[in-house]
Amino acid sequence: MDRLEDLASSLETLAFHGFQTPTVGNGEKESPAIEILRIKEQMSNQCFEMIVKLQSGESKRSCSASDAEKDLPDYVNTLEEAEITHFNKTLALHRMQVWHVISEKLKQRDPEAEAMRKLTNHSLDLCLKIKTLQQESFELQDQITALQKQRLDLKRLTHEKMKEMEELKTKGEHPVAEEYRNVLQKAQSYLEKYQKMVAIEQNVLRGIIIASKVNWREDPKLREIAMTLEDITIPDD
Amino acid sequence: MGNDVLERNLVLVERMGLTRGLPPEVISTMLDYAMSLRMGGAPCVRVLKFLIPATVVPQEAIVRAVAWLCVGKIAISTQVLFLKWVLTFFDMIDSKDHLRSIYGFIFNFVTEEHLCPYICHLLYLLTRKECVRPFRVRKLLDLQAKLGRQPFLLHLLSLYKVFCPELVTTALPSKLRGGFKNHVTPWKGVLNAIQKRNTGQVTSDIRLTIGVKDGSNSRKRKCNHLQLPSLNSAVQRNLSSTNSRKVFPLEQLHSFPELLDNLHRIELPSQMGSLLGSSLALCYLDYVQDDSAFLRLNFWLGHALHEEFLFCSREGGSGCSSETLHFLNRLISTQNFLQEGFFSTESFLYKFLNVWDGSLLRPQILGLLSHIPVVPSSCIHQLLFEPLMQLFFSSTLFFKCSVIECLNDMLLKWLTWHSVYSVEDGLDISLNSHTPMNMTLSGFMDSVMELVLFVGRLATVGLQLEGCSSLLLSFVLDFYETVCDMFLKFELPLVVMPPVGVFYPALFATDPVSVDRLCFIMCRYKQNLTAAKFQQQEAKHVFHISSQTYREFNRYQLLMVSTLWNSRLFQPGMAVEVDHNLLALSKVPEPSASFTLIRHPAFVGYALDFHLKCWPERKDMDLKSVKAGKHWEWYLEFLFSHGYLGLQQFVQSNINWHPGSGTKSQGQGDGQPTNG
């Protein structure tokens with residue numbers, strides 16, 4: 001009840017002061033309510049200042065998104081470079097310190113150092129093995145690459161030869177002399193004309209059979225005709 | 001209607017069909033019976049549903065059925081069902097020449113809107129060069145105008161275009177997605193059961209043998225798109241009709257001399273997927289460079305890969321079946337054999353990388369990835385690098401190593417291809433004829449540069465994430481062993497130095513093997529750069545290695561010598577510069593000498609061993625005594641004798657040190673090791 005009364009009275013004084021913070025003498029201690037009010041005033045002042053600054057700053061620099069995007073890769077690169085440099089330096093320092101301690105330990109003669117020395121020797125033996133295997137695999141890889149190159153070269157040569165063969169084939173189809181060329185051309189044009197006629201006839205016949213909705217498979221003669229309606233080449237028999 | 005006799009007999013045949021499949025004569029009779037509508041439409045549908053062949057389907061049966069189609073009394077839905085049946089069992093038809101004879105009759109049905117997709121699919125499977133006629137092309141184009149650019153029309157037109165480009169002049173998209181749909185739905189369940197039982201039967205006829213149908217995995221076998229179809233040795237191949245056309249079917253090839261004899265008259269099988277298993281078939285495909293064959297093969301491959309990995313719904317963790325593994329391994333060995341990748345694999349991989357989780361079939365996917373041909377630098381980031389980066393950062397150590405190995409393979413293949421196919425002094429390189437892209441030398445170099453820089457970035461971040469793991473470092477150094485020799489081994493006038501994030505972890509590595517390899521790589525770089533400079537001055541070639549590359553190299557050289565020999569690691573002016581106050585804080589004596597050949601983490605073991613061997617009685621080990629006089633020489637020999645040829649090469653070629661001389665000159669990159 002007392003505390004409530006205290007609170008009530010302090011609120012009363014505040015209300016009298018119109019919710020403004022009263023000036024406080026130097027030695028006097030502030031009541032918490034007044035402190036809060038003071039902080040509130042400070043914050044509102046700061047907010048006001050920020051708003052003013054923002055509004056004035058808006059007109060200064062209109063930065064478009066595309067401009068920012070253009071600069072972005074550069075900044076990213078700078079960041080990455082800094083990160084990498086930091087990582088490397090840390091790595092160097094870290095390794096330096098750790099291995100200093102390890103090597104100091106290895107120089108000593110206690111059983112722990114013995115164990116460490118054994119481990120070191122074992123790992124160095126393994127390194128020797130790794131080295132020989134790596135050398136082998138490097139040479140093998142070289143051989144494989146050389147072989148693949150050869151195979152690809154062969155493939156290219158094969159293709160070239162096939163192309164040559166094709167050209168020879170088309171050329172070689174007319175081994176006859178110049179004078180027969182005209183005759184051949186005439187014959188060719190006749191053949192084409194008749195082939196066209198045959199094709200048209202075949203189409204017409206096919207159209208008739210289809211339109212008549214007859215089962216062409218049942219009648220043997222019709223079947224024979226129907227099965228040859230696709231051929232336009234002369235069979236060699 | 002209540003015809004009991006009919007009902008009883010139908011049930012008998014149905015039972016047999018659904019359990020064991022029907023023999024060819026029964027198929028003939030039943031198909032004819034059904035399609036003639038002797039008892040009405042309903043039995044027809046029923047018969048089609050249980051008409052499962054046990055071995056082959058005689059082609060005459062199909063011809064007869066098509067004749068019945070022409071009569072026009074069958075309902076449209078039944079016609080559709082019949083066509084689906086033909087497409088599902090197309091591979092089991094014993095021979096297709098009669099079907100080709102009635103190509104025109106089948107083509108006639110393409111105008112029927114409901115049948116159009118199925119007819120187009122069937123025609124796609126049957127088409128030969130002779131079948132492409134102008135009036136047919138016209139008809140298809142008219143249909144396209146009416147129905148729009150339907151995929152089934154586009155596929156058929158593009159096949160026509162491959163056979164006769166002069167007849168099909170419209171532009172067609174070069175990358176057709178997906179393919180014809182699978183029509184196996186009405187017979188799915190039955191097929192699984194039957195094939196499980198009949199596994200023995202199929203193998204007896206296989207000649208050029210490949211993947212035996214694995215019957216054990218029935219749960220995953222929804223649609224058999226991953227099975228490499230067997231090269232059907234057609235049972236009745238001795239028909240005279242084939243001989244009259246003087247055509248030698250590919251299935252009957254047994255040896256290479258036979259291939260050479262009949263090179264001009266070989267007929268490809270209808271199922272292109274069956275080629276993947278046989279090396280003779282692949283040889284033939286490679287020599288003849290038949291565009292239509294490649295188109296069909298790519299189409300089938302793309303369809304199979306899409307169906308299995310991208311479009312099929314996953315029921316209980318699919319994808320890892322032995323079938324899939326087998327198929328992918330076959331595909332990889334095919335691509336290795338042909339030394340080129342398939343276009344459909346490439347487009348599939350680009351799509352798949354975006355949805356891959358990084359662990360499903362990792363070796364196979366990465367194996368396929370390494371066969372991708374040179375990607376133009378304009379799209380390489382978006383297609384290849386972005387998805388790889390996303391997968392890389394959150395992956396395991398082994399995945400990181402695998403990716404770097406895969407990219408190393410890819411680079412090797414690109415370089416090999418370049419060294420074989422690039423014309424002397426020519427700026428124009430055309431890629432293999434199946435990709436419609438031409439690439440200039442500078443474009444190629446751009447792509448290689450992008451790849452090397454990308455791997456450099458990956459390696460840098462990877463090493464940071466994994467704490468400079470030796471395993472990852474080893475794979476990264478593998479890659480740079482390839483890169484450092486690009487000029488001398490592959491005649492590509494390009495030198496790219498490793499980034500800082502790779503160089504330092506290698507230099508400060510705790511295992512001597514990595515340091516030795518770094519030395520070897522730097523020696524190779526030196527040889528490549530010297531040769532390039534020499535050629536540039538002598539022959540005045542077009543290429544130009546930028547001075548920045550030389551500067552970078554010199555910086556690295558300097559740093560290595562200063563670190564390993566001259567004890568000047570953290571000094572100002574060196575690249576890794578650390579404030580001396582900070583160094584003092586570390587309480588390490590002579591910090592700038594902490595990575596010399598005696599105190600380097602990789603070599604301190606050897607130094608101590610050497611010291612012990614030299615002065616076994618000394619209680620107090622002082623490594624500085626190794627540096628005195630003759631001992632230094634012996635120590636270096638001792639070190640080199642453990643197989644560190646790279647280190648030996650580096651020391652001998654870069655450090656002007658005379659064994660046995662007492663003078664101690666301090667120079668950049670030469671002179672005795674300083675006492676510091």
Side-chain angles (χ1 to χ4, degrees), chain A residues 80-81 83-85 87-89 91-93 95-100 102-103 106-107 109 117 120-121 123-124 127-128 130-132 134-135 138 145 148-149 151-153 155-156 158-159 162 199 202-203 206 209-210 213-218 223 226-233 235-237, chain B residues 63-64 67-68 70-72 98 100-105 108 130-131 133 135 244 286-289 339 412 416-417 419-421 460 464 468 481 489 500-501 504-505 508 510-513 516-517 569-570 576 578 582 586 588 591 594-595 599 601 604-606 608-609 619 621 642-645:
Chain A
E80 272 185 26
E81 280 170 32
E83 214 182 299
I84 294 171
T85 321
F87 178 78
N88 289 330
K89 288 188 184 169
L91 181 70
L93 286 170
R95 292 255 160 103
M96 172 181 81
Q97 289 179 283
V98 169
W99 282 88
H100 172 71
I102 290 178
S103 55
L106 282 173
K107 286 180 195 167
R109 303 252 170 177
R117 263 201 293 274
T120 316
N121 286 334
S123 66
L124 291 180
C127 282
L128 181 65
I130 294 173
K131 195 65 218 167
T132 33
Q134 258 183 5
Q135 194 61 31
F138 180 72
T145 319
Q148 280 184 338
K149 238 197 214 177
R151 277 194 74 214
L152 202 60
D153 212 10
K155 184 171 145 131
R156 184 181 61 94
T158 317
H159 290 168
M162 292 293 292
Q202 282 176 335
N203 285 346
R206 196 188 295 122
I209 294 178
I210 291 174
K213 293 208 195 262
V214 50
N215 189 330
W216 39 265
R217 182 75 181 58
E218 299 292 299
R223 176 186 171 279
M227 298 294 275
T228 55
L229 283 182
E230 195 62 26
D231 278 333
I232 53 169
T233 54
D236 342 289
D237 47 353
Chain B
V63 173
R64 242 185 268 141
W68 283 117
C70 290
V71 174
H98 285 189
R100 288 200 189 98
S101 303
I102 54 167
Y103 189 94
F105 287 95
N108 169 62
E130 306 83 55
C131 306
R133 311 273 188 87
F135 68 91
S244 71
D286 189 35
Y287 299 155
V288 165
Q289 294 282 306
Q339 284 189 286
L412 270 174
T416 313
W417 173 86
S419 67
V420 167
Y421 277 96
T460 307
Q464 281 181 11
C468 302
E481 264 176 8
K489 268 196 203 163
V500 191
Y504 285 106
F508 299 142
T510 53
D511 64 298
V513 179
D516 178 66
R517 283 179 88 184
L569 175 54
F570 295 116
V576 181
V578 178
L582 190 60
S586 67
V588 173
S594 42
F595 282 95
R599 288 173 60 185
V604 74
Y606 292 111
L608 289 170
D609 199 24
K619 288 268 167 77
M621 286 211 201
H642 283 90
Y644 298 122
L645 302 168

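Just so it is clear, the model here is predicted, and its values are computed rather than measured.
Atom SG of residue B:Cys468 and atom CZ of residue A:Arg95 lie 5.5 Å apart, to the nearest 0.5 angstrom. Note that CZ of A:Arg217 is 12.0 Å distant from CZ of B:Phe105, once rounded to the nearest 0.5 Å. The line from NZ of A:Lys89 to CZ of B:Phe508 is 11.0 Å long, rounded to the nearest 0.5 Å. Remark: A:Leu229 CG to A:Asn203 CG distance equals 8.5 Å, nearest 0.5 Å.
The contact between A:Ile84 and chain B is made by backbone and side chain atoms together, counting heavy-atom distances below 4.5 Å. Proximity to chain B (any heavy atom under 4.5 Å) is shown, for A:Arg156, by both the backbone and the side chain. Residue contact with chain B, scored on non-hydrogen atoms closer than 4.5 Å, involves the side chain of A:Glu80 exclusively. Heavy-atom distances place both the backbone and the side chain of B:Tyr606 under 4.5 Å from chain A. Both the backbone and the side chain of A:Arg151 come within less than 4.5 Å of a heavy atom in chain B. A:Met162 touches chain B through its side chain: at least one heavy atom from C-beta onward sits under 4.5 Å away, while N, CA, C and O do not. With a threshold of 4.5 angstrom between heavy atoms, B:Ser419 approaches chain A through side-chain atoms but not through N, CA, C or O. For A:Ile102, no part lies under 4.5 angstrom from a heavy atom of chain B. Within the 4.5 angstrom heavy-atom criterion, only side-chain atoms of B:Val604, from C-beta onward, approach chain A.
Interface check for chain A: of the options B:Pro512, B:Gly104, B:Gly605, the most heavy-atom pairs under 4.5 Å are formed by B:Gly104. Ranking B:Asp286, B:Leu608, B:Val500 against chain A, the residue ahead of the rest is B:Asp286, based on heavy-atom pairs under 4.5 Å. Residue with the most contacts toward chain A among B:Thr510, B:Thr460, B:Asp511: B:Thr510 (heavy-atom pairs, distance under 4.5 Å). If you tally non-hydrogen atom pairs under 4.5 Å between each of B:Leu645, B:Leu412, B:Thr416 and chain A, the highest count goes to B:Thr416. Each of B:Gly643, B:Ser594, B:Pro601 has some count of heavy-atom pairs under 4.5 Å with chain A, and the biggest count is that of B:Pro601. Chain B forms the most heavy-atom pairs under 4.5 Å with one residue out of A:Ala92, A:Ser123, A:Ala226, and that residue is A:Ala92. Ranked by heavy-atom pairs under 4.5 Å with chain B, the list A:Leu152, A:Asp153, A:Asn88 is led by A:Leu152.
The closest donor-acceptor contact from the side chain of B:His98 to the backbone of A:Met227 lies at 3.5 Å or more, if one exists at all. Between the A:Arg109 side chain and the A:Leu106 main chain, no donor and acceptor come within less than 3.5 Å of each other.
Residues A:His100 and B:Arg599 form a side-chain contact, since some pair of their non-hydrogen atoms from C-beta on lies under 4.5 Å apart. A:Trp216 places none of its side-chain heavy atoms less than 4.5 Å from the side chain of A:Ile210. The closest side-chain heavy-atom distance from A:Val214 to B:Val71 is not below 4.5 Å.
Residues B:Arg100 and A:Glu230 are not paired through a salt bridge, judged by the lack of any N-O separation under 4.0 Å between the basic side chain and the carboxylate.
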